[in-house]
J.: 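Structure below; questions to follow.
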Amino acid sequence: GNSVTQMEGPVTLSEEAFLTINCTYTATGYPSLFWYVQYPGEGLQLLLKATKADDKGSNKGFEATYRKETTSFHLEKGSVQVSDSAVYFCALSARRGGGNKLTFGTGTQLKVEL
Amino acid sequence: EPEVTQTPSHQVTQMGQEVILRCVPISNHLYFYWYRQILGQKVEFLVSFYNNEISEKSEIFDDQFSVERPDGSNFTLKIRSTKLEDSAMYFCASGTGTPAEQYFGPGTRLTVT
């Protein structure tokens, strides 16, 4: 079956540091890949997506590139802010007709300190 | 910007009671989903719903669970006889199906005592 593996957290960084959160996946076919973010006490927000190999998703300074050869979709940001503190979930959706359930990783908590 | 809404935000119920969690998906979306997140754990898929029927369900979604779209706007999840292990945050999501992203509501925290 499909699965997503994320690096363990928490990840603690100083403001303006470079962020990488690793994500690898196992899936048949050609899944779509997503990063969702969950701020404290809130629901899941779509951060960015990529639907085919070599696509780069980007939003709010975050980027992730769909690497089929390494089955990875690592999240990066060049300079984090305190407001980026949240839990980040990598997810995939298998390409199929209808349904398109999301399979999530375990989430990585990011703490950004001044 | 349209968003998915859920009510109530927090529901406390006794073991064995029935609960209904409500969701209003984004109006032009065709696919509807329920997920749950047990505290500190990953988000798990429960069920997807399209064209007035279940399109996929997980092994978690047993006979105690049911979903319904009673009118053109609401989408509900019913748990017939709650167990302690049903305590979790329940998220509703909706999407157009193409592309595959889904938009989540803020969640309902269900506490079973």
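So you know, we letter chains A, B, ... as the sequences are listed, proteins then strands, and number each from 1.
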J.: Under a 3.5 Å distance rule, please check whether B/Tyr35 uses its side chain to pair with a backbone N or O of A/Leu102 as donor and acceptor.
T.: yes
J.: Apply side chain to side chain contact (heavy atoms under 4.5 Å, CB included) to residues B/Tyr103 and A/Leu44 and explain how you reach the verdict.
T.: CA-CA 8 Å; B/Tyr103 295 88; A/Leu44 296 161; over 6 Å; no
J.: With a cut-off of 6.0 Å (strictly less than), are more than 12 heavy atoms of other residues, nucleotides or ligands near NZ of A/Lys68?
T.: yes
J.: Return the option, out of A/Glu42, A/Gln38, A/Gln45, with the maximum number of heavy-atom pairs under 4.5 Å with chain B.
T.: A/Gln38
J.: Calculate, to the nearest 0.5 Å, the distance between atoms OG1 and CD belonging to A/Thr103 and B/Glu44 respectively.
T.: 11.0 Å
J.: How about CD on A/Glu69, more than 12 heavy atoms from neighbouring residues, nucleotides or ligands closer than 6.0 Å, or not?
T.: yes
J.: Should the heavy atoms of other residues, nucleotides or ligands under 6.0 Å from CG of B/Asn28 be counted, would the total exceed 12?
T.: yes
J.: Which is it for A/Lys101 and B/Tyr31 under the side chain to side chain contact (heavy atoms under 4.5 Å, CB included) test, yes or no, and what are the steps along the way?
T.: CA-CA 10 Å; A/Lys101 69 175 182 182; B/Tyr31 292 86; over 6 Å; no
J.: Is there side-chain contact between A/Phe104 and B/Gln41, with heavy atoms separated by less than 4.5 Å?
T.: no
J.: Tell me whether the count of non-hydrogen atoms from other residues, nucleotides or ligands lying under 6.0 Å of NZ in B/Lys42 goes above 12.
T.: yes
J.: Tell me if the CG atom of B/Leu84 is crowded by more than 12 foreign heavy atoms within 6.0 Å.
T.: yes
J.: About how many Å separate OG of A/Ser93 and CD of B/Gln102, when rounded to the nearest 0.5 Å?
T.: 6.5 Å
J.: Assess whether atom CD of A/Glu8 is packed by more than 12 heavy atoms of other residues, nucleotides or ligands within 6.0 Å.
T.: no
J.: Apply ring-ring contact (aromatic ring centres under 6.0 Å, His included) to B/Phe104 and A/Tyr36, showing your working.
T.: CA-CA 10 Å; B/Phe104 284 74; A/Tyr36 281 83; 5.3 Å; yes
